[in-house]
Amino acid sequence: VQLQASGGGLVQPGGSLRLSCAASGIMFSINTMNWYRQAPGKQRELVAGVTSGGSTNYADSVKGRFTISRDNVKRTVYLQMNNLKPEDTAVYYCNVFLQRDYWGQGTLVTVSS
């Protein structure tokens, strides 16, 4: 299983970023895919998830600002992040659970003026 995340960077408050995570080694279309994040000094937390059927769930802190989506042909999951806030600063990881958790390498998002 390989999860390759990309799209992080430095953005000003109120700005937008789109993260991507390309998956290989799994039957992508049948698995729930997730985005987590870990801010400095904090525990890793679930940001958003999307099931094989397209149902989504979000952390309360990002509802209305972030959108998770998937492209089963490209075997990629996305996280569109709008109206970013300084408290969104973290390393973002894509994740899939297949008898155990698999993690991508993480991509750093920094929200700062």
Side-chain angles (χ1 to χ4, degrees):
V1 177
Q2 288 192 327
L3 302 172
Q4 184 68 40
S6 61
L10 173 64
V11 63
Q12 292 186 340
S16 298
L17 282 175
R18 188 195 196 201
L19 307 183
S20 300
C21 176
S24 60
I26 63 172
M27 295 180 69
F28 181 84
S29 63
I30 67 171
N31 287 291
T32 294
M33 300 298 297
N34 304 301
W35 283 100
Y36 283 75
R37 67 185 180 187
Q38 187 165 17
K42 295 188 177 181
Q43 290 189 332
R44 194 171 296 189
E45 63 174 354
L46 177 65
V47 175
V50 58
T51 70
S52 58
S55 296
T56 57
N57 63 283
Y58 297 94
D60 288 342
S61 59
V62 307
K63 282 181 181 177
R65 301 187 297 121
F66 290 12
T67 302
I68 189 171
S69 61
R70 64 191 297 157
D71 185 329
N72 288 337
V73 174
K74 295 182 178 180
R75 303 170 62 85
T76 300
V77 60
Y78 303 98
L79 186 68
Q80 177 66 44
M81 305 184 295
N82 297 329
N83 190 22
L84 282 159
K85 303 176 180 181
E87 52 264 42
D88 295 317
T89 295
V91 178
Y92 285 71
Y93 299 91
C94 58
N95 161 274
V96 63
F97 182 82
L98 298 168
Q99 298 181 323
R100 70 166 180 89
D101 283 309
Y102 289 89
W103 302 95
Q105 85 282 12
T107 185
L108 177 62
V109 172
T110 304
V111 185
S112 175
S113 55

Closest non-hydrogen contact found for Val96 with Thr32 is CG2-O, 3.6 Å
Residues Tyr58 and Thr67: closest non-hydrogen pair is OH-CA, 3.4 Å
Face-on cation placement of Arg70 at Phe28 ring, 6.0 Å and 45° thresholds:
yes
So the ring-ring contact (aromatic ring centres under 6.0 Å, His included) pairs with at least one residue in residues 85-113 (sequence neighbours excluded) are Tyr36-Trp103
Query raised in the report: Heavy atoms, side chains only, cut-off 4.5 Å: are Ser61 and Arg37 in contact?
Result: yes
- Query: Side chain of Gln105, backbone of Ala5: donor and acceptor closer than 3.5 Å?
  - Reply: yes
CZ (Phe66) and CG (Leu19) are apart, to the nearest 0.5 Å, by 8.0 Å
- prompt: Does the side chain of Ser112 reach to within under 4.5 Å of the side chain of Leu10, using non-hydrogen atoms?
  reply: yes
For Leu3 and Cys94 the tightest heavy-atom approach is CB-SG, 3.5 Å
Sorted by chain and number, sequence neighbours left out, side chain to side chain donor-acceptor pair (under 3.5 Å) with Arg18 holds for none
Going hydrophobic residue to hydrophobic residue with side-chain gaps under 4.5 angstrom, can you get from Leu17 over to Leu79?
yes
task: Taking atom CD of Glu45 as the centre, report whether more than 12 heavy atoms of other residues, nucleotides or ligands fall under 6.0 Å from it.
output: yes
Salt bridge (Lys or Arg N to Asp or Glu O under 4.0 Å) filter on Lys63, not counting sequence neighbours, yields Asp60
Non-hydrogen side-chain atoms of Val11 and Met81 separated by less than 4.5 Å
no
Shortest non-hydrogen pair, Leu108 vs Ala90, comes out as CD1-O, 3.6 Å
Looking only at heavy atoms, the pair that brings Met33 and Ile26 closest together is SD-CD1, 4.3 Å
Taken to the nearest 0.5 Å, the spacing of Arg75 CZ from Gln2 CD works out to 11.0 Å
Interatomic distance, CG@Leu46 vs CG@Asn95, rounded to 0.5 Å, equals 8.0 Å
When Asn82, Asn83, Asp88 are each screened for side-chain hydrogen bond (donor to acceptor under 3.5 Å, both in side chains) with Arg65, the one that passes is Asp88
Rounded to the nearest 0.5 angstrom, the CG-CG distance for Asn34 and Asn57 is 7.0 Å
Residues Ser20 and Thr76: closest non-hydrogen pair is CB-CG2, 4.2 Å
Indicate yes or no for a side-chain donor-acceptor contact from Thr89 to the backbone of Val111 under 3.5 Å, with no hydrogens or angles considered. yes
Can you confirm whether more than 12 heavy atoms, excluding those of Gln43, are under 6.0 Å from its CD atom? no
